[in-house]
> 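Here it is, the structure in full.
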Amino acid sequence: MTLHLHDTLRGKKIAFEPLKEGEVTMYLCGPTVYNYAHIGNARPAVVFDLLARLLRRTYKLTFARNITDVDDKINQASIDTGKPIEEITARFIKAYNDDMGMLGVSLPDIEPRATQHIVEMVEIISTLIEKEFAYEADGHVLFDVTANSDYGALSKRDIREMIAGARVEVAPYKRSPHDFVLWKPSTPELPGWDSPWGRGRPGWHIECSAMAKKHLGMTVDIHAGGQDLVFPHHENEMAQSTCAHDGVPFARYWVHNGFLSLDSTKMSKSLGNVLLVHDMVKTIPGELIRLALLGAHYRQPLDWSDAALEGARNMLDRLYGAVRGIEVSAAERQSVAVPATVIAALEDDINSPKALAEMFTQARQLNKSTDEQERHALAAGLLAGGDLLGIMQIDPEDWFSDPGSSDLSNDEIDAMLIQRKDARENRDFATADKIRDQLATQGVTIEDGPSGARWRRS
RNA sequence: GGCUAGGUGGCAGAGUGGUUAUGCAGCGGCCUGCAAAGCCGCGGACAUCGGUUCGAUUCCGUUCCUAGCCUCCA
C-alpha cells in the first residue's frame, strides 16, 4: 500500500505521487497570532504533523506552516491592550509553538510570516493586474472572480448561485459581489506598506499564495488546512496563484480536516466554551490530548468532551501497560520497524483510528506471549509505532506513577507496599487488604504479579 | 434557501456487496489468598423508506436528522 490522500478538489481518495520523485512540499495554513490556540486549532496542527512524520519516512519533505501576523484581529488586540503589534505577535507565535510542542507537534521546516513577504505579495498582485485578473478601485485592489472560469471548483460552488444567495452587503467598489480584496488602504495608525496603489496592507488570502511560491515553488504537493478554509480562503488562493502563473496548478492535493465541537456545541467565545491548549496542558499530559485528537479520522467531525479524554487515557493505559517492565533502548526503538499494519492504516488517508486499532492488536499479542524474546520484539515495534504516532513518549513507570495533584508521594506508596508484602508473607491478608484498600481510596491500584507487586495511579 | 460531509452495537470509533474492527463498559471463564492487570469466550449495530442484486450496513434514489461552509474562523 502506498500513500493515498483524500483530495478536496477531486472529491475522492487518490494515490499520492509528488511532483518531483522522492521530494514532497507541504503547506499548512497556520495560526493568526492574536490569541492562544484553542483545542480546535490544535487538530490540524496534530493531524498534519502526523502526515509530515509519515512523509518523512519515505520522502525528503519540505514543510511550511505560515504565521499570519497582519490582520484586523491583531490590530484590534493591539488597540484593546495598548501593546505594540510586534509584541503581541511575538508573544503568541512563541505560545503557539510551545503549546503545540506539548502535543508532540514538531516545528515545520519553514515558518514564513506574512509581514516578511509584502514584496512578494505586491509582485503577485501586480502580475494579476497586468494579466487583467485584478483591478484597482477606490484605493483597493480586487481579484475579479469572473475572469477566472474555474472559480468555485475547489469548494464546489457556482458563482451565479452564490450571487443569488448572497447575504452580505456588497462593497460599492466591487464589480462582482465575490471579488475579494488583494490590497486595501491603511490608516496612519494601522500597519501599512508602500505600494504602487498607495500605503496599504494585504488582504488575507494573498499571503499564502506569495509564501507558498517563494518557499515551495509554483506548485505545492500538499496544501492542508481546516475544512472551514476551503471557502473562501483556499478557493481564493488557488484562483490567485493559478491565474498569476498562467494555469500552472497551485496544489496537487488539497487535504482538509473536519471540525471539532465541544460537548456537541460549537466552540465560541460568546458561549464561553473555548478550551485553550495553553491551559489544558497544565493538567493534562500532552500526548493524551494528542491521542484524543487522533482518536477520530481527521476528516470526520470530532466531539471533544471529558469522556473523549477519558477514552484516550484508557487507551494509553493499555498501551503503556503492555510495554511496562520491558526494557527497550532508545537506539533500538529508533531502528526497529513500525508494525506494517500501522503504517498501512496511516497510508490509507491518515486512518489514525485504524492505526490505533492495529497498535492494540499488537499489544494483545504482546500481553499473550510468554516468550521473552518475542515480547521484547513486539514491545519495540509498539514503541516505534508510538514514536510515529507521537504517543508513548515517556517511561511507562512515569506514566503510571505521575503524582499529579495527589498528596501521597511515590516513596510513601512504595513504603506501604513493603508493609503489605510483609503482611502477605505472614499470610496476614486482613492487614494486606487494608493497605490495598487504603491506597485504593487515594487512587492507587496494586497489581500483584509473578515478580512481585507493582502499582499505578488511576 | 444553496453547497459539502455525515448518520454504525450502552459509549467512542474504523471498515466492508456475503465471514473478527478496535478501546471502554457489560456477562461468563482462566489466573489470584482475594483483588487488580492480563488472557479466553459471549452478547449486542449498521437512521428511514424504496430500488439494483442470488444476497446490502456497504451501490442508487427518497425522507428525516446532524455538522460545517455560503461573513472573520482550524
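Residue numbers start from 1 in every chain, and the chains themselves are labelled A, B, ... in the order their sequence lines are given, proteins ahead of strands. All values reported here derive from a predicted model rather than from experimental measurement.
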> If you pin A/His6 and A/Tyr298 to their nearest nucleotides in RNA chain B, which one's is more 5'?
A/His6
> Determine the interatomic distance between C1' on B/A56 and the same-named atom on B/C46; round to the nearest Å.
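So the two C1' atoms sit 11 Å from each other.
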> Using a heavy-atom cut-off of 4.0 Å across all strands, would you classify A/Asp72 as base, sugar-phosphate, or nothing?
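The residue A/Asp72 makes no contact with any strand.
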> Looking at B/A14, B/G2, B/A21, which one has an atom nearest to any side-chain atom of A/Arg157?
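Out of B/A14, B/G2, B/A21, the nucleotide with an atom closest to A/Arg157's side chain is B/G2.
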> Report which part of the nucleic acid A/Glu310 touches: base, sugar-phosphate, or nothing (heavy-atom distance under 4.0 Å, all strands).
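Result for A/Glu310 = nothing.
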> B/U20 and B/A25: how far apart are their P atoms, nearest whole angstrom?
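Per the computed distance, 23 Å lies between those P atoms.
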> On a whole-Å scale, what distance lies between the P atoms belonging to B/G10 and B/A5?
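It comes out at 29 Å once rounded to the nearest Å.
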> Please pick, from B/C73, B/U71, B/G6, the nucleotide with the shortest atom-to-atom distance to any side-chain atom of A/Lys73.
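Ranking B/C73, B/U71, B/G6 by closest atom to the A/Lys73 side chain puts B/C73 first.
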> Rounded to whole angstrom units, what separation is found between the NE2 atom of A/His256 and the P atom of B/G6?
15 Å
> Can you identify which nucleotide, out of B/A14, B/G13, B/A21, has its nearest atom closest to the A/Ala357 side chain?
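Nucleotide nearest to A/Ala357's side chain: B/A21.
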> Once rounded to the nearest 0.5 Å, what's the spacing between atom CE of A/Met359 and atom CG of A/Leu291?
9.0 Å
> Do A/His297 and A/His6 have side-chain atoms, one donor and one acceptor, less than 3.5 Å apart?
no
> Between the base of B/A74 and the ring of A/Phe259 - centre-to-centre under 5.5 Å, planes within under 30° - is that a stack?
yes
> Could you give the distance separating B/G44 and B/G61 at their C1' atoms, to the nearest angstrom?
31 Å
> Using the P atom on both, measure B/G15 against B/A21 and round to a whole Å.
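About 14 Å, rounded to a whole number of Å.
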> What is the distance, rounded to the nearest whole Å, between atom NE2 of A/His234 and atom C1' of B/C72?
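A/His234 atom NE2 is separated from B/C72 atom C1' by 15 Å.
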> Pick the closest RNA chain B nucleotide for A/Gly226 and for A/Glu358 by heavy atoms, then say which residue is nearer the 5' end.
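Whichever sits nearer the 5' end wins; that is A/Glu358.
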> Considering just the side-chain nitrogens and oxygens of A/Asn41, establish if one lies under 4.0 Å of OP1 or OP2 belonging to B/C73.
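False: A/Asn41 side-chain N/O out of range (4.0 Å or more) of B/C73 OP1/OP2.
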> Can you tell me how far C1' of B/C3 sits from OH of A/Tyr151, to the nearest Å?
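That distance rounds to 14 Å.
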> Is A/Ala307 touching bases, backbone alone, or none of the nucleic acid, heavy atoms closer than 4.0 Å?
nothing
> Where each pair must be Watson-Crick or G-U wobble with both distances under 3.5 Å, what dot-bracket representation of RNA chain B is obtained, with crossing pairs in [ ] and other-strand partners as |?
(((((((..(((.....[...))).(((((.......)))))....(.(((..]....))).))))))))....
> Please report the distance, rounded to the nearest Å, between CG in A/Asp348 and P in B/A14.
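Distance check: A/Asp348 CG to B/A14 P gives 12 Å.
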> Tell me: CE of A/Met315 to P of B/A25, nearest whole Å?
12 Å
> Measure from CG on A/Leu262 to P on B/A67 and round the result to the nearest Å.
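Atom CG in A/Leu262 sits about 14 Å away from atom P in B/A67.
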> So if I take every side-chain heavy atom of A/His178 and compare against B/C72, B/U71, B/G15, which nucleotide ends up nearest?
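Selected nucleotide: B/U71.
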> Could you measure between the two C1' atoms, the one in B/C31 and the one in B/G41, and give it in whole Å?
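It comes out at 15 Å once rounded to the nearest Å.
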> How far does the P atom of B/U16 sit from the matching atom of B/A47, given to the nearest Å?
16 Å
> Give me the distance, rounded to whole Å, that separates B/G9 from B/G23 when you measure between the C1' atoms they each carry.
14 Å
> Does A/Arg375 come within less than 4.0 Å of A/Glu372, counting only side-chain N to carboxylate O?
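A/Glu372 and A/Arg375: salt-bridged.
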> In terms of the angle between their ring planes, are A/Trp254 and A/Phe250 parallel, tilted or perpendicular, with boundaries placed at 30° and 60°?
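The arrangement is tilted - the two ring planes meet at 30° to 60°.
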> Can you list the steps and then say if A/Arg313 with A/Asp317 is a salt bridge (Lys or Arg N to Asp or Glu O under 4.0 Å)?
CA-CA 6 Å; A/Arg313 183 180 293 279; A/Asp317 278 348; 5.6 Å; no
> Go through the steps to decide whether A/Tyr151 and A/Asn236 satisfy the test side-chain hydrogen bond (donor to acceptor under 3.5 Å, both in side chains), and finish with yes or no.
CA-CA 8 Å; A/Tyr151 193 78; A/Asn236 293 353; 2.5 Å; yes
> Return yes if a side-chain donor-acceptor contact under 3.5 Å exists between A/Ser406 and A/Gln442, otherwise no.
no
> Just by distance, do the side chain of A/Gln362 and the backbone of A/Leu378 share a donor-acceptor pair under 3.5 Å?
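Side chain of A/Gln362 to backbone of A/Leu378: a pair is present.
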> Which listed nucleotide (B/A74, B/U22, B/C73) is nearest to the side chain of A/Asn257?
B/A74
> Side chains of A/Asn41 and A/Tyr36: do they bring a donor and an acceptor to under 3.5 Å?
no
> Under a plain distance cut-off of 3.5 Å, with no hydrogens placed, do A/Asp414 and A/Trp455 share a side-chain donor-acceptor pair?
yes
> Would you give a per-nucleotide map of nucleotides 26-39 of chain B, 5' to 3', where B means the base has a protein non-hydrogen atom under 4.0 Å away, S means only the sugar-phosphate does, and - means neither?
-------BBBBSSS
> Should the ring pair A/His233 and A/His205 be called parallel, tilted or perpendicular, given that the plane angle runs from 0 to 90° and is split at 30 and 60?
tilted
> Please check this pair: side chain of A/Ser369 against backbone of A/Leu366, looking for a donor-acceptor N/O pair closer than 3.5 Å.
no
> Using atom CG of A/Leu389 as one end and atom P of B/U22 as the other, report the distance to the nearest whole Å.
18 Å
> What integer distance in Å separates A/Arg313:CZ from B/C11:P?
23 Å
> When you measure from the side chain of A/Phe360, which nucleotide among B/G23, B/C72, B/A74 comes out closest?
B/G23
> Under 4.0 Å, counting only non-hydrogen atoms across every strand here, what does A/His38 touch: a base, just sugar-phosphate, or nothing?
base
